[in-house]
Each structure stands twice: as C-alpha cells, then as structure tokens.
There are 2 protein chains.
Amino acid sequence: MLTDRQLLILKIIVDDFIRSGQPVGSRTLSKKEQITFSSATIRNEMADLEELGFIEKTHISSGRVPSQKGYRYYVDHLLPPFRLTQKDIQTIRSIFHEQIYELEKLIQKSAQILSDLTNYTTVVLGPSVKEHKLKTIQIVPLNAETAVAIIVTDTGYVEKHVVTLPPSIPTSDVEKMVNILNDRLTGVPLEDLTDKIQTEVTHVLREHIQSYDHMLRMISASLDLNAPAQMFLSGKMNMLRQPEFNDIDKLRALFNVIEQEKEFYRLLRKHKQQGVQVKIGTENDVEGMENCSLITATYSVGGEKLGTIAVLGPTRMEYSRVISLLNLVATDLSNVLTMWYQKD
Amino acid sequence: MLTDRQLLILKIIVDDFIRSGQPVGSRTLSKKEQITFSSATIRNEMADLEELGFIEKTHISSGRVPSQKGYRYYVDHLLPPFRLTQKDIQTIRSIFHEQIYELEKLIQKSAQILSDLTNYTTVVLGPSVKEHKLKTIQIVPLNAETAVAIIVTDTGYVEKHVVTLPPSIPTSDVEKMVNILNDRLTGVPLEDLTDKIQTEVTHVLREHIQSYDHMLRMISASLDLNAPAQMFLSGKMNMLRQPEFNDIDKLRALFNVIEQEKEFYRLLRKHKQQGVQVKIGTENDVEGMENCSLITATYSVGGEKLGTIAVLGPTRMEYSRVISLLNLVATDLSNVLTMWYQKD
DNA sequence: TGTTAGCACTCTAATAAAGCGAGTGCTAAA
DNA sequence: TTTAGCACTCGCTTTATTAGAGTGCTAACA
C-alpha cells in the first residue's frame, strides 16, 4: 500500500519527532543523509501520507507530526532494532544480583530501575495472592482482647490482621484453634480458604472450642482477601519532565488518572498472553491518557503468568528503547522467579 | 510596637491574601466594614508596615502581600479563632469510629482525611518501632533453603524477612532455635535485640544448634531494624491545585523535595515537645520549600510522643483552619492510641 | 511520467506599541 | 491627624508588525 519511499519518510518523521519533539518539515527531512530526493518531492509524499492518516499538521503551515495511526504503523512495521547499551543491561542485571528474596521488593526494585532508565513511569501489577497456598496461620495474642492473625503463603507472602478476641477466651483455645486451622488448611489456595473453613473446619471447631462462632468470624475477617493484587508505581514524577505535560492542566488530567490507579489495574489485567504489547493514545480507552502510550509485558513462572509490568509515557515515546528494556526486565524477572519457585 | 490600627490592617491583609491570593490594595481594604478610615490613611499605614518588613509589594505599584515576617506575626499574634464546622469534626471522628485495629492503617487514614479536608499535603511520621517490645519471633520454612522470619511486637507491628537457611539443617533445629529466641527475647525492645542476642543467646545456641553461626547471621539480618520510622504522605497531588505552583518549574522544585522524603524526615523529627508548631517558608531551611509552610503536631500515648503528623501547604495557607484540624486529628489520634495501649 | 525549482501564500511565535486599570506616594486642605 | 485629589508607575491585555518556517501549486526538466 505504501511505497518504500513513503515508508522511509514516515519512519524518519516518527524517529525525528520522537527525538526532537518538534514538527518535522520537508526541508529538515531533505537534509537527512538517507534522503536522496528534494524537499518538493517530500512535500508531495507527505501530502499523501497525511491524506492516508499517518501524519498530521499542528497548524496549516506547520511541519508534520505522527498521528496515532502513524505511531501504530511505526510500532508494528518500522521499529528500528535497538541495541541496549552494556550499561543499561548491567543496571538491569544488578537488580538480580542483589540478595533479594522477597517478591515484593524485587518487583519494586525492577519498577524503580525501569522508570529510572526510561525516564517514564513504571507500573507493575503484582501477582494475585489468591492462588498462593497457605503455609501457616499464626495467631499471636497481644493482650486480653486483641491478637494478630498472620498468614504465610508458600511464596513467602505474609499478611497480617489485628483482630479482637472473644472476652475471656482461654489461651489454650486459641492454640487449639490454630492447630486445627493449620491441620486442615495448609496447602489450600487462599481463595478457597473461606469455603474450606465452611465445609471442613466449622464442625471441628464447634466441638473443641468455646465461643467458636466469634473466633470463626474473626478468622474469616482476617482472611477477607478480596483485596486486588498489589500495584506498584514508580517514577510518577518523571512525567513532570516530559514537555508534552508542560501545560499544568494536561498534567493535572494525567495525574488524576495516575492517582486513580483503578484504570491501570484494568489495563494491566487485560494483558494476558506472553510478549510485549503497545497501546497508543486512545487505544487505552482511558480519559486523560489520550497523549500517553502504555507498553506492557508479563512476567511469569514456568510459563504461567504471574503479573504485568508496564511503562507509561507520552505517545511521543522512545518505543524502540523502552520495548527492549521492558523485555529484558520481564524475561530476567521471569527467569529469577522461575528459579526461585522451582526449588520447591 | 505596632499600633492597633496597624495590627488591624496587617491582619486584614493576611486574611484577604490567604483567601484571594491577590495582592491587597488600599482601596480594597477601605471597603472592608471593619475599616473606618480612608484609603489614604491606609496607604500611610501600609508604607509603615512595609518599612517594618511585615508586608511587601510584588512590584512598585502593586497592592501588598504578607512577607514571611508578616505571616510569622500573624500566626503568633493575630490568628483568628477558628470554629471547625460540624461536618469537618464528624469527618475526622469517622476515622476513629471505624473498626481499625492497626496502627499503620489508622495513621494512613488520618493522613488521608487530613489532606482531603485541607487540600494540602499531609505527612505523618510513624512511631519508631525501635522501642516496641518483641512479642514473638516465628520462622516459617518455605522450602529446603528459604524461610520467612516474622517478628511481632507488643503493638501488633509485624515485620517479615525472607532468609536463607543453612543447607540441610534439621527442622528440629529451627524449632529449637525459635524456642530459645522466644524464651530469651520476649519483651525486649527491638533496638536492644542485637545486643541481647550477642550477650545472652549466642552461647545457648552454640550448645544446641548445628551451624548456629549461619542461623545467627540470618536472624541478625532479619533484625536489622536500622530502618527509620515509616513515613506516610497523602495528597501530594493537592499541590497541583495551588495557584502558587502553576509554574511548572516551581512545581518540579517542590516535588523534588517531596519525593526525597529525607528532608521531611529530618523536619518532622525535629518536633519534640507537645503542641502545634508552624514553620513558615525559609524557617524550614529546606531548598525548594521557600514558598511552603509546614504545620506539625505530635501524637502520643499517655504523654509519650509516638510520632509527628504535619500538613504541608503554600505559605499562603489557611493557617487558622489547618491548625484547628491538625490539632483535632492529633489529639483524637493520641486518645485512641492511649486507649489501645492502656489495655495492656 | 516522475522529479524538482521557484514562488506566492499561510500561519506561528516573537517583539513592539498602545491603552487600561489598579494602586501608590505626595501634597495641601480640612 | 486624617483625608481628598492628583500625577505617576507598572503589570496586563490587546493590537500591530515582522521574521521565519513550512506548505501547495505550477511549470519546467530529465
């Protein structure tokens, strides 16, 4: 559909605009060494490209700027191969050289490095804990009335919850209950806990424990894990440095979205299959993100998706570089996690 | 030193400027009902006030704006009594009506409500966990090589740390160790743990446990609590709405400080004694906070300071209202916490 | 037939000029 | 001591002007 010359021109326009942020004119283009024809020819080609919707003018006599469709085509067909510098690679690898054994910390660190390297914002969707299996439940009484209920999963995830104890319950009962719970529930995925308690634990408790109903309510409350997967954002303030958000109103609109987090949650969850995905401008279908692109990748253990890691930047984004960086982080992260969890 | 009339004028200028954000001229002032004299008189008085350094002009023929000294005097001597609305009071009280049993959540909620009510940014310095006493240590093995070490304090604070286990250590040894640690260390303030382990636990462990040195190192690592007290920020983005930060560069400078967090840590720790403290502009002695004021208050249990809660806003801040709100939150928070911890 | 030089034209952004209005300081009168 | 009056200052907005970058179109060229 597009001639080679048109592709060349489109590619250079996008590259140049991503680099400079300025609309690209025919004269500027004609000076590029890859270009062997005159500015007049370029003008003709640009008029065609504009008619086809790949580029647009900011005003009637301005240079051209990639349209959303133009970016899309660029990302799909024209992306120049990008060689990460050794320094970038080393910076990323350094995350995994440190002795970090906690999933959350590892994820946070990844997000931070990625946002530092790209100068954009990184969003990570942590793994849903629902599928993690219970390792142990502990109830630590603090005083006569309150206790901390602690849940540990096979992945090392720890959740705590301060609860009230029934008045004057014997300590032995608490211990008994903890034993029963651990006996029956170890290895059960967190999302099934409530059911399992209903079907298997209630009747046992009823036999052995005073005021078992209060205790049950309490334990159910602390197991109320309808909490969505954790999300980590890093480098929000990098957006302050993007010239497209020099306008305070655009900035406000953007941060409204960013602070919501809800939308990101939705967007990141959408990404199911492997590989890197690029969503440009309105493709994200979020108000306030018209001028942003979101590049997402999943990380996984042994092929099974754990979560999503994404970079948010202006549509005028260094796609090539960001995709490479994101890819590296995601695969490294997956590798490390796969190693971790294959030990079991 | 200042005549009553000068005080009146100063007060109205500050009030009006805080309200409107516009320099206040003699004509505007003369229309206020409290003012019984002419604009010419006001001009004379304003010239004096300016000479004394309480107000300044933004340019040679502009209205007057409070100087830092002016704000200082206003806060120290002219603060109008502020009656919180019933609605504000109820909103704040609602924090404490909910069944929250966790210190962190309570603090976060307080910060959030305070930033919502004021439209400024709230910073809270959580209690230092150093003085909390150990309730229990648990070590939950995850697989052959790793385990989660969990520390619970008497305040319900939980800290976890994933650690590596010595190769092929018997489970019984881990249990033994946990028993020994709990035996010897329960009730010890966290900050003394390392010492206590050195003096009291090492020799016992040596007798009973294989590869006790690895275990010791491991447990020490997970007790490495030189982590500073937690800090919570809420409502950072409220600053976007302050007209003084409409300028993108000022905004950047401000967020540089906010994101650092280090400076806040320093500032909030400085506040030792009871009561509300107001630091205006350069009084904070932090680059980038010249246009900001920080109002701090401490919260405490039974008179003993636990942490600090603060509101950050532009120097053109609703001092009266913020002080009242902050006061209410801090005292309510103190009351609730005192109730909690007097149960022991 | 595709390419290019040339040119008139358009529009932005930067700069200058002009007028308005809010506010000041000073003077002289009450 | 207070106030009315007035000349003056400056920021802000509006209007004009200009320079420059870029375009589309036409006609000539290979």
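A note on names: the letters A, B, ... follow the listed sequences, proteins ahead of strands, and every chain is numbered from 1. Since we're looking at a predicted model, the values are computed, not measured.
- A close approach under 4.0 Å does not occur between any side-chain nitrogen or oxygen of K57(A) and OP1 or OP2 of dA21(D).
- Rounded to whole angstrom, the span from the CE atom of M46(B) across to the C1' atom of dT3(D) amounts to 15 Å.
- Nearest-nucleotide mapping onto DNA chain D: of A40(A) and A40(B), the residue sitting toward the 5' end is A40(B).
- Across the protein-nucleic acid pair, F37(A) atom CZ and dA30(D) atom C1' stand 18 Å apart, rounded to whole Å.
- Here the P atom of nucleotide dG2(C) and the CZ atom of R5(A) are 10 Å apart, to the nearest Å.
- Residue S26(A) is tested with R64(A), E45(A), R43(A) for a side chain to side chain donor-acceptor pair (under 3.5 Å); the sole match is R43(A).
- Under the 30°/60° scheme for interplanar angles, the aromatic rings of Y73(B) and F54(B) are found to stand perpendicular.
- A close approach under 4.0 Å does not occur between any side-chain nitrogen or oxygen of S39(B) and OP1 or OP2 of dT3(D).
- Summarising the geometry, the separation between CZ on R43(A) and C1' on dC25(D) is reported as 10 Å, rounded to the nearest angstrom.
- Salt bridge present: D88(B) and R321(B) bring a charged side-chain N and a carboxylate O closer than 4.0 Å.
- Using a 4.0 Å cut-off, no side-chain N or O of S61(A) falls inside it from OP1 or OP2 of dG22(D).
- The distance from atom CZ of R27(A) to atom C1' of dG20(D) is 11 Å, rounded to the nearest whole Å.
- Residue R64(B) has a polar side-chain atom (N or O) positioned under 4.0 Å from OP1 or OP2 of dT24(C).
- Between T41(B) and I60(B), the residue anchored closer to the 5' end of DNA chain D is T41(B), taking for each the nucleotide with the nearest heavy atom.
- In this structure, the nucleotide among dT3(D), dT23(D), dT12(C) sitting nearest to the side chain of H59(A) is dT12(C).
- Contacts of T58(A) with the nucleic acid, taken as non-hydrogen atoms under 4.0 Å apart, are absent.
- The interatomic distance linking I42(B) (CD1) with dT24(C) (C1') rounds to 13 Å, in whole Å.
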Stepwise salt bridge (Lys or Arg N to Asp or Glu O under 4.0 Å) check, R19(B) with D15(B) | CA-CA 6 Å; R19(B) 196 182 45 73; D15(B) 280 336; over 6 Å; no

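- Between S26(B) and dT24(C) there is a side-chain polar atom (N or O) within less than 4.0 angstrom of OP1 or OP2.
- Counting to the nearest Å, the P atom of dG11(D) and the CD atom of Q22(B) are 15 Å from each other.
- Rounding to whole angstrom units, CD of residue E51(A) and C1' of dT23(D) are separated by 15 Å.
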CA sep, side-chain torsions, deciding dist, call: E283(A), R72(A), salt bridge (Lys or Arg N to Asp or Glu O under 4.0 Å) | CA-CA 10 Å; E283(A) 289 172 12; R72(A) 182 81 264 167; 2.5 Å; yes

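- Using a 4.0 Å heavy-atom criterion, one finds that S62(A) contacts the sugar-phosphate atoms exclusively.
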